[in-house]
Every structure is written in C-alpha cells, then in structure tokens.
2 protein chains.
Amino acid sequence: MGEELCNICNDKSTGKHYGAVSCDGCKGFFRRSIRKRYHYVCRFEKCCDVTKNKRNACRSCRLQKCVKAGMKANAIQNERDAIGKRKKAGDQTETEKEELIDQLVAAETLCQQLRSSVIKRTQQVSYDCGKVKWNYEDDRRATLDDIGKSIHQQLVLLVEWAKSLPQFTFLAISDQASLLKGTAASIIVLGVAFRSICLTVGDSICLANDTLLQKDHATHVGDINCVVGRIIDEVVNPMRRLNMDLIEYVALKAILFFNPVVRELQDVANIENSRFACLRSLQKRCAEKAVLALEDDGFDCRSGKLLLLLPSLQAIAQQLVEDVQLARLFGLVNVDALMSELILNDQKASDPQILQTSLSSPVESIKTELEE
Amino acid sequence: MGEELCNICNDKSTGKHYGAVSCDGCKGFFRRSIRKRYHYVCRFEKCCDVTKNKRNACRSCRLQKCVKAGMKANAIQNERDAIGKRKKAGDQTETEKEELIDQLVAAETLCQQLRSSVIKRTQQVSYDCGKVKWNYEDDRRATLDDIGKSIHQQLVLLVEWAKSLPQFTFLAISDQASLLKGTAASIIVLGVAFRSICLTVGDSICLANDTLLQKDHATHVGDINCVVGRIIDEVVNPMRRLNMDLIEYVALKAILFFNPVVRELQDVANIENSRFACLRSLQKRCAEKAVLALEDDGFDCRSGKLLLLLPSLQAIAQQLVEDVQLARLFGLVNVDALMSELILNDQKASDPQILQTSLSSPVESIKTELEE
DNA sequence: CAGATGTGGTCAAAGGTCTT
DNA sequence: TAAGACCTTTGACCACATCT
C-alpha cells in the first residue's frame, strides 16, 4: 500500500473521501461545510496556501481546493441515526445508575433506621453500633411473644416503607390498602430471609427485633407448617448461593409489592408499570454485575434466578398465614388489628380503620407505635 | 425475473432475503441487527419514513419495517468461520440450547397427541380435525365428574411428559417421585391456563378433556377458593397480554418442574442445572423475540414478565389443593390413588405404589389408562 | 452441468463520537 | 464552535451451497 498524501493539504491521507484522496481533516471539513451550507469568503486574494499547517487559515480557499481535488458534494449523504456511545466501562455504570434504584435503597435505609432505633430502645441487651454486628448468635432466642411483636413491627415498617415511595402514594387509598393486604405476608418473609443471610448458624432465621428463631424450636411455638425450615431451605440458602446484595433485595421487594394481580385493584396499569420499571432496573443491574464478574458466557440469568425465589416466597407466605390463623385459633398469639387486616385479610377486624390511620399518619408517630 | 423493488425501502431489490424481497442494504442491516442483538430506540414517533434516502435515519423504524415486510430472524444462520469448517465453542452451546427447546416442544407434542387421541375416543361429540378447532364455546360444559377426570388425565400425562425427558429419567426414582409430587399442582394450573388463552369467552377455562368451566359456575361445584377466577385474572389474561407462545410455555413448564427446592430431593445440583438450562433458553428466546417485536426501549424484560407468572401459579395451585381436599372431605369428588399421591401429597394412599408403577410402565398402556 | 436463488463474508468509504 | 483523530455502520460485491 503506497501511503498517499492528501490531495488538498499534503497531510497523510486516510483513503479516498468524496472522490478525492484526502486526510481525515479535509474529509470532515468538507462534510461539515456541505451539510451546513456554509458560504465562506476569502479575506485575501483567493489564492491562500492550503497545507497541513496553514489549512485552517482560510476556509474559502480550503473548500475551493477540495472541489478542485475532486470532492463531490453529492457524495455527502443525509444524516444517519445516532450510533452507540463509546465510553469507558466505569463511566457507563455511573451513568446508568438509576434514580429508581436510589429511591428504593433510600426507602430501605429509612426503614432500617426506624427498626434499629426501636430495637435499641426496647431491647435491654447492649449493642455495638460498629460494623461487626453480625454475631447474632449471642443474641437471645425468640419467644412466642417476639414472633408476634416482630410481625407487628414489620407490618408497621412495611406501611412506612410504602408511604415513602411516590409510586405508591400517587395511588388511590383503596389501591394502597389492597396492595398492602395482598403482599404483606410475602414481603415479611422476604425481609426475614434477607436479614438471615449473614447469620453464621444455618438453622435459624433472624426476626425483625433481632431475635433468633431456630428451625427445630419453631415447631414448638406454632410453626405447624415448618415455615422456618422452608424459609431457610428455599429462600435463605438460595440467596446465599447467589450472593444476593442489597440492591437486588430492594428491587425484588418492590417487584413483589407492585403486584398487578392482587384482588380488587383499580389502577392495574399503573401498578404494572411500576413493577416493570423495577424489573428493568433489576435486569440492568444484573447484566452489569455479570459483565463485571466476567462470568458472562452469553447469559448468566442472574435476574431470572432471583425472580425464581418468588414462587417459594409466595407459597411460604401462604403457609405463614395459615400458621398465624391457627395460632390465633388456639389463643397462642395476640393478633392485633393491623395484623388481622394485613396478614389474615380479616374484614371484620376490631378496628377496621387502623390501616387508613396508618396510611395517613406522619412518620414521627411510628416510633412510639413500634415500642408497644 | 421481474425487476422488483425492496419491500422495505423501495430501492432496487436483489432478490428475497430472510423472507422478504429486499435490497442488499436492508439484507445486511437485518443480519447485523439480529446477529448482534441490537436494541434500537426510535428518537421520534416510531413512524419514520423508510425510503432509499432516509433509511439510515432511524434504525428502529427500519428494523420494524423489515419485520413487517416478512423478514424472519430464524433465517439468520450461525456465524461461519472465516477460513472454514470448525465449529466454535460458542456455536456448540447455541446448538445445545436449541436442542433443549426442541426436546421440550417434542415432549409437549407427544402429550398433546396422547390427550387429543383420548378425547376423540372418549367424547361423543364430533370433531373437525382441521385448524379451526378453536370454537370451544360449542363444546359441553364441565361437570363435577369432568373436573375430577381431567385432573386425573393431566396427572397421567404429566408423568408421561416427564418420562420423555432425559434430564428426568436420569434422576433417581425417589427424586423423580419428589419432583412430580412437588410440582404437579402448579403444572396442571399452568397447562389449564395456557390451553385457555385461545378461548373467545373471557370467563371460562378449558379443562384437559376440552370441557369448559365457567368462573361463576365453578363456585357451585366445589371451587370455594375461586380458583377458576384467579386462574383467569392472574394467569390467563396476563398470558394473553404477553401473547405467550408455545416455546415460552414449554420452557416455563420445565422451569417450574425442575424445582430444586421441593422437599426431600437428593440430587439438588442436577435439578438446578436443568432448571438453569431452561431459564437460559427462555431468556435467549425472549431476547430474540424482543428484537423482532421492537416494543422495546432497551430492555423489554419479557422473560422476567413470564417468570412473574409463577408466583401466582404457585398460590393458585396451593388453593386448588385445598379445594380438592375439601371436595374429598365432603365426598364431592372421587379421589383416586394417583391424585391422592401427587396432588394431595397423601402418604397413606390406598395404593402407595401407583406412582412407581406409572414411572416404569410403557407409554402404550397409558392410552387405555386414560380412558377410564 | 449451468443458472437461479439465497445463505455467508468482506472492506472501502460512508457515517458518527468526543476531546481538544 | 470547529477541527480532526478515532471508531462504527453501510452496502456493493463476491464465495459457497442447494435446488431445479
């Protein structure tokens, strides 16, 4: 290949462009000039030098020389579609960080703070607030009372969590109530499972008040359906194997919550949209994670694997409800109004307005509510 | 040959490509788009002109028009090696995935044939075997007896279906039994729902023996939990909106079946691998479909939407089991041994060997079995 | 065996991107 | 803003494999 020179400015050429052997500079200059229909006027004698160093001194003469060298204006095509951006990998992830995920993480953080502030005040054991807080094994075992209280706490926190999401507050009150009723049990189970991932003992789950409930012990306190065992086997362990992180958790929680097929919903389309937005965020996040981990042999299906936790969750939640129903039947547990309405879907709750009240009360009142 | 024009952009055509009369430009564009799984987004109103001069202005609309003109993505072959013959590792996995789907479709076809041959022989109504077999409305309504019989049929067919899958037959007999017991109810519901998609009446489902069960009528024949209504609202209608196809159905069925968290499984890893293989196939298939449908702004999450049918399925199946249990309790339905073992998970079934027998009997004996 | 058809691939010369 | 180094996409053209 003989390295030719640009017929316009004598710079190194990069091939033929628009009919003339030319450099990238003259190529670009000609295209811009034609596209924008520029009319240049020479300020001198219309005989300026057009060389590598001086080519930008006079546009009129440069364009003139382009034409003389053989460039044709009709070789300039129409504008094309935008092409894929080329950026560094780091930039991409930063750009694609989504508002939705940030929002969900913020909502989760809020509830975590509420929860831990309550635990600190109601529990008598001392806490190290540092990062090494993960040896739950030292904590006390859950009693029957703990189970009831932790479910109640989770429900209160669920309502607060939902209220902090604009996608939720924009809904009609009746739809808000329906969503909460239809998904509360599943979300509680999801929360318990995720919280239990970091336990070092494999036979227990960690309740909302940081008490531990052991698989074998649970059957003695009303867990007829082996809910605890199933949570560990079907949810916690798979989560561990997947090494599920907080972002995936909040996305999954929101997907579970914005369930368009719960009963008596009015604005199904809106809820479906919220669900799909979360789904998209989860998939994007998983795709990014696969690229970073380099485990990507085409498809690693991480998002699919996460979504496949949900059927188990659904089944277990249903059995949890049964457990609670039976426990109430035998007078084992004190079922309050919120629990009755959200978990048991009991229409004839003693205080049918409790949910409405929760939905409209400010966050501040919650902290005192949680303590008893 | 007549000098035809490109059906996409009106340029001179160079023959048929991928199913549409088109020019070399559109041919190359379509191949590149499908190969690289490009996701284009229209920056305007999704109605851009696609003509010789403007065809490069919007790739989204151009690809859209390629599909509308009849181009088929499955006409795009695998990438060939530049020098010659050798299949790469990537091609191998691709072939494997295709094989899996083909296998699942074959298994489904087998069961469909078994089912329809039985229906023809046991039902007294005449059948047109032609393509227009979809006016189920003319068929008879399901009686209580039909419900029991259709569940039984579905269970027998489920066992046959499973036996036709090598991933299943390679398992230990105990694991085979566990999988069947753990997933039978869900798979029945999935099958009923998919079969009901093509009904033109929106308030009924289509049982395995092609009888119709109406939502309102179901509550009179033991459907205390509104299972029929929930199937329609939570599964059939979403399936319709997604326009779910047979391949997606068989993949979802297999994913549901190879459930690594059913109780008492030994070879969890193997079953998990089977599940993930199906998941990969489903995702790949959905990605291809997304490219064609172009309803897609980056990610359309089709596979995720399909997987989100499963939690509902799980919940409904659980309620179906309750319904059957109650029906048996009130003597409404005749529960045979297979039903007792697979649906009700009744260990003390009258004939505890029925499942073992089914698992080892040849296909031929099934046809007579199904008739009564 | 030759021509028509329809896959696949190639690469010059269009395009666009993005830092300077 | 415009310039130009650098990257992506396009499509005319060519090599095969099948089929008639």
Side-chain angles (χ1 to χ4, degrees), chain A residues 1 4 6 8-38 40 50-60 62-63 66 70-88 91-92 95, chain B residues 1-4 6 8-9 11-36 38 40 43 50 52-60 62-63 66 70-88 91:
Chain A
M1 265 333 123
E4 287 188 85
C6 172
I8 292 104
C9 71
N10 266 10
D11 196 358
K12 278 180 193 166
S13 91
T14 59
K16 256 191 175 182
H17 301 294
Y18 314 117
V21 173
S22 53
C23 65
D24 266 341
C26 290
K27 167 196 165 189
F29 170 76
F30 188 72
R31 181 175 55 217
R32 281 191 296 272
S33 300
I34 299 298
R35 279 261 176 81
K36 296 181 179 170
R37 294 191 165 79
Y38 279 145
Y40 307 125
V50 183
T51 60
K52 182 173 168 23
N53 290 324
K54 297 178 187 168
R55 65 192 178 196
N56 283 317
C58 177
R59 291 173 179 155
S60 175
R62 190 182 190 184
L63 185 55
C66 283
M71 285 195 172
K72 304 290 179 193
N74 57 6
I76 304 289
Q77 303 176 352
N78 290 324
E79 261 191 44
R80 289 187 184 175
D81 200 356
I83 214 172
K85 311 262 183 196
R86 64 192 148 106
K87 275 183 181 177
K88 292 177 186 176
D91 284 349
Q92 256 185 348
T95 311
Chain B
M1 49 179 185
E3 271 295 296
E4 284 186 86
C6 172
I8 292 105
C9 70
D11 197 358
K12 276 179 197 168
S13 91
T14 58
K16 253 192 177 183
H17 300 293
Y18 313 119
V21 174
S22 52
C23 64
D24 268 341
C26 290
K27 168 198 163 188
F29 171 76
F30 188 72
R31 184 177 57 215
R32 282 190 302 270
S33 300
I34 299 298
R35 278 264 177 76
K36 295 185 178 173
Y38 277 147
Y40 305 127
R43 294 180 296 172
V50 183
K52 181 172 165 36
N53 287 324
K54 296 178 187 167
R55 67 190 176 197
N56 283 315
C58 177
R59 294 181 290 175
S60 173
R62 189 184 192 182
L63 184 54
C66 284
M71 284 194 173
K72 303 291 179 195
N74 54 10
I76 304 284
Q77 302 175 355
N78 291 335
E79 225 165 313
R80 288 178 190 165
D81 219 355
I83 304 223
K85 52 301 117 199
R86 272 280 196 186
K87 271 191 177 181
K88 293 186 286 185
D91 285 344

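Residue numbers begin at 1 in each chain, while the letters A, B, ... track the order of the sequences. Computed from a predicted structure; not experimentally measured.
Rounded to whole angstrom, the span from the CE atom of B:Met71 across to the P atom of C:dG6 amounts to 12 Å. B:Lys12 places its NZ atom 11 Å from the P atom of D:dC13, with the value rounded to the nearest Å. Counting to the nearest Å, the P atom of D:dG11 and the CG atom of A:Asn78 are 12 Å from each other. Between the CG atom of A:Asn10 and the C1' atom of D:dG4 there is a distance of 17 Å, given to the nearest Å. When rounded to the nearest whole Å, the span between CZ of A:Phe30 and P of C:dA14 equals 10 Å. Spacing between atom NZ of B:Lys52 and atom P of D:dT10 amounts to 14 Å, rounded to whole angstrom units. In this structure, the CG atom of A:Asp81 is 21 Å from the P atom of D:dC7, given to the nearest Å. Taking atom CD1 on B:Ile34 and atom P on C:dG8, their separation rounds to 11 Å, with Å as the unit.
Among the nucleotides D:dT8, C:dT7, D:dC6, the one closest to any side-chain atom of B:Gln77 is C:dT7. The B:His17 side chain lies nearest to C:dT7 when the options are D:dA2, C:dT7, D:dA12. Closest to the A:Arg32 side chain, of the nucleotides D:dG11, D:dT10, D:dA3, is D:dA3. Which of D:dA3, C:dG8, C:dT17 sits closest to the side chain of B:Ile76 comes down to C:dG8. For B:Phe29, counting side-chain heavy atoms from C-beta on, the closest listed nucleotide (D:dG11, D:dA3, D:dT10) is D:dT10.
Two residues, A:Arg59 and A:Asp11, neighbour DNA chain D, and the one matched to the more 5' nucleotide by heavy-atom proximity is A:Arg59. Both A:Lys16 and A:Arg80 lie close to DNA chain C; mapped to their nearest nucleotides by heavy-atom distance, the more 5′-ward contact belongs to A:Lys16. Summary of the strand contacts: A:Lys36 and B:Asp24 both lie near DNA chain D, and taking for each the nucleotide with the nearest heavy atom, the more 5' one is attributed to A:Lys36.
Listed pair B:Tyr18 / C:dG8 meets the phosphate criterion, a side-chain N or O lying under 4.0 Å from OP1 or OP2. The phosphate of C:dG16 (OP1 or OP2) has a side-chain N or O of A:Arg35 nearer than 4.0 angstrom. Here A:Arg62 does not reach the OP1 or OP2 of D:dA2: none of its side-chain N or O atoms lies under 4.0 Å away.
Counting only distance, with no hydrogens or angles, the side chain of B:Arg59 and the backbone of A:Ala82 share a donor-acceptor pair below 3.5 Å. Of the possible donor and acceptor atoms, none in the side chain of B:Asp24 sits under 3.5 Å from a partner among the backbone N and O of B:Thr14.
Residue B:Arg31 places a side-chain atom within donor-acceptor reach of the base of C:dG9, judged by atom type and a 3.5 Å distance cut-off alone. Residue-to-nucleotide contacts include a donor-acceptor pair under 3.5 Å from the side chain of B:Lys27 to the base of C:dG8. Judged by distance alone with a 3.5 Å cut-off, no donor-acceptor contact links the side chain of A:Arg55 to the base of D:dG4.
Under the 30°/60° scheme for interplanar angles, the aromatic rings of A:Phe29 and A:Tyr40 are found to lie parallel.
A side-chain contact (heavy atoms from CB on, under 4.5 Å) with A:Arg55 holds for exactly one of A:Asp11, A:Ile8, A:Asn10; it is A:Asp11.
Shown here for B:Phe30 and B:Ala73, the closest heavy-atom pair between the two residues is CZ-N, 3.9 Å.
Residues forming a side-chain hydrogen bond (donor to acceptor under 3.5 Å, both in side chains) with A:Asn56 (at least two apart in sequence, or on another chain): A:Arg62.
Comparing the axis of the opening five pairs of the helix from C:dA2-D:dT20 to C:dT20-D:dA2 with that of the closing five pairs yields an angle of 10°, rounded to 10°.
With contacts defined as side-chain heavy-atom distances shorter than 4.5 Å, the pair B:Arg31/B:His17 does not qualify. In this structure the side chain of A:Cys6 reaches within 4.5 angstrom of the side chain of A:Ser22, judged on heavy atoms.
Residue A:Gly25 is classed as a sugar-phosphate contact, given heavy-atom separations below 4.0 Å to backbone atoms only.
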